[in-house]
There are 2 protein chains.
Amino acid sequence: MNTLAEENYLKALYHLTVQAPEGAYTNDIAAYLQTKASSVTDMLKKLSSKKLVHYKKYQGVILSKKGKQKALQVIRKHRLWEYFLVEKLNFRWDEVHEIAEQLEHIQSDELINRIDKLLGFPKYDPHGDPIPDADGYFEEIPFLTLFAIPIGETVTVCGVIDSSVSFLKLIENIGLTIGTLIKVEEIFEFDHSLKIAIPSKKTKVLVSQQISKNVLVKIKK
Amino acid sequence: MNTLAEENYLKALYHLTVQAPEGAYTNDIAAYLQTKASSVTDMLKKLSSKKLVHYKKYQGVILSKKGKQKALQVIRKHRLWEYFLVEKLNFRWDEVHEIAEQLEHIQSDELINRIDKLLGFPKYDPHGDPIPDADGYFEEIPFLTLFAIPIGETVTVCGVIDSSVSFLKLIENIGLTIGTLIKVEEIFEFDHSLKIAIPSKKTKVLVSQQISKNVLVKIKK
DNA sequence: AATAATATTTAGATAAGTCTAAAAAATAAT
DNA sequence: ATTATTTTTTAGACTTATCTAAATATTATT
């Protein structure tokens, strides 16, 4: 069993190395966790002695197989709790992150598996991120960004790239929540903004390029 | 905000002093928390400096008003989470304590209030222990649950523990409304269900354990 | 009232996780 | 290739919560 601090480092390392197989750097980890580089070095030594990471001084760090598995279990718990908070307790999806940061450290396989069952074994969380199963397995869906959708196409919102509170508040406010069916009606050459129709709300909304590049969608088939 | 260790001491002090207004003793606290007397002394000093307890060297300790309030909030969370685990995730009562010991330290008033609402604002847990409300107020159970009544006894229904709509509909439907005189005719070992006679309606009804644990009764004198 | 037994506190140590400041290594620039 | 800059690590200190062992206070016994 790992401490809370260890779990947070494993999770951070997972997120920092998922798109960077060469490894994570001390300063980046420190920035990500809002701590100091020296603290990171200390923890990397500890995780290394526990065989959770492959670490050599000055050489960056990657998760070991064991470390990756542990990280995925924490991520699984985080995403399932977020789903629970939104689905069962009617939190908005921009409110759940901090609470899930605490709940993800509750130690009980049985508990999280029953939460999983209660929720109907969801594969994706409210942000559209995949939820690993009890063995750490998950499937990434090759979502497109709204930015890449041509005029006339109808798509379903299924996630976001930027999951900051400020962005979530924005899309909540304009009605682009997960599951919403939308249609791209126009693309303005001037600034690449889009006119989007939301049939369920009978509204239309103008969306900037910056927004459209952060909204993930699935093409309706 | 208090640390996990502080919360555990406050809770322990509450339980140790609820029936002993003169105060708790260092060794008793140490035995209760499975720690050493010297550790207790250290923590009592800390809690005292935070005005959470009234403590004088060698003189025992009692909770301050503030400390009692904090303790009750932890107890509230513990009992609500236990109720949740049993009610929504189908854990048995003997399985929930350890998980609730972790969940009780999650810091979010909004979360526990929504859990409270989800459960129908229960006033007592199925052990008959009262659940403090958001202000720390609670009523000691003056009744027994139907579950605890032996064969042959005649009792009056005087309340429920689960006050959710679904449960109220159920007991309304089978006739176990407040004021009803009932007699326990049989207890089936198989699933601890009861056969109840309702003389006023000249009917008999089979009541599951889950139901009997949520019906409060007063023994007829 | 003096001594024995018990309870409590203090002193000093340990472990986890963090920090600052200084040293060392790696990388970039001249 | 040497110097400058950046990055990373080390050394030492701090905090929280714990421990053991010794000291002190309280209570009980004679």
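Chain letters run A, B, ... following the sequence lines, proteins first and then strands; every chain starts at 1. Source: prediction; values computed, not measured.
- Applying the salt bridge (Lys or Arg N to Asp or Glu O under 4.0 Å) test to pairs two or more places apart or on separate chains, those with a residue in residues 101-115 of chain A are A/K11-A/E101, A/K11-A/E104, A/E110-A/R114.
- Of the residues in residues 20-32 of chain B, those placing a heavy atom less than 4.0 Å from an atom of DNA chain C are B/Y25, B/T26, B/N27, in numerical order.
- The salt bridge (Lys or Arg N to Asp or Glu O under 4.0 Å) test with A/D116 singles out one residue from A/K77, A/K123, A/R76, and that residue is A/R76.
- A close approach under 4.0 Å does occur between a side-chain nitrogen or oxygen of B/K45 and OP1 or OP2 of C/dT10.
- Remark: A/S39 is in phosphate contact with C/dC19, judged by side-chain N or O atoms under 4.0 Å from OP1 or OP2.
- Each ring-ring contact (aromatic ring centres under 6.0 Å, His included) pair with one or both residues in residues 47-78 of chain B, not counting sequence neighbours, appears once here: B/H78-B/H97.
- Annotation: of the two residues near DNA chain C, A/E6 and B/T41, the 5′-most nearest-nucleotide partner is B/T41.
- We find that CG of A/N2 is positioned 14 Å from C1' of C/dA16, with the value rounded to whole Å.
- Side-chain to base pairing of B/S38 with D/dT18: no donor and acceptor N or O lie closer than 3.5 Å to each other.
- Not one side-chain nitrogen or oxygen of B/T3 sits closer than 4.0 Å to the OP1 or OP2 atom of D/dT16.
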Please write out each protein N/O paired with an N/O of nucleotides 24-26 of chain C under 3.5 Å, distance rounded to 0.1 Å.
from   : atom 1 : to    : atom 2 : distance (Å)
C/dA25 : O4'    : A/Y58 : OH     : 3.4

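- Every residue was checked against the side-chain hydrogen bond (donor to acceptor under 3.5 Å, both in side chains) condition with B/S38, not counting sequence neighbours, and none meets it.
- Note on residues 157-171 of chain A: pairs passing side chain to side chain donor-acceptor pair (under 3.5 Å), not counting sequence neighbours, are A/D162-A/S164, A/S164-A/S166.
- Note on residues 20-32 of chain A: pairs passing side chain to side chain donor-acceptor pair (under 3.5 Å), not counting sequence neighbours, are A/H15-A/Y32.
- Heavy atoms of A/A37 sit under 4.0 angstrom from at least one base atom.
- Here salt bridge (Lys or Arg N to Asp or Glu O under 4.0 Å) pairs that include residues 48-62 of chain B, with residues two or more places apart or in two chains, are B/E6-B/K50.
- Across C/dT18, C/dT20, C/dT10, the shortest atom-to-atom separation from the side chain of A/Y9 is found for C/dT18.
- In terms of modelled atom types and a separation under 3.5 Å, the side chain of B/T41 and the main chain of B/A37 share a donor-acceptor contact.
- Residue pairs meeting the side chain to side chain donor-acceptor pair (under 3.5 Å) criterion with at least one partner in residues 133-143 of chain A, sequence neighbours excluded, are absent.
- For the pair A/D42 CG and C/dC19 C1', the computed distance is 10 Å after rounding to whole Å.
- Nucleotide D/dT18 holds its P atom 13 Å from the CD atom of B/Q34, rounded to whole Å.
- The NZ-P distance, from A/K36 to D/dC14, rounds to 17 Å in whole Å.
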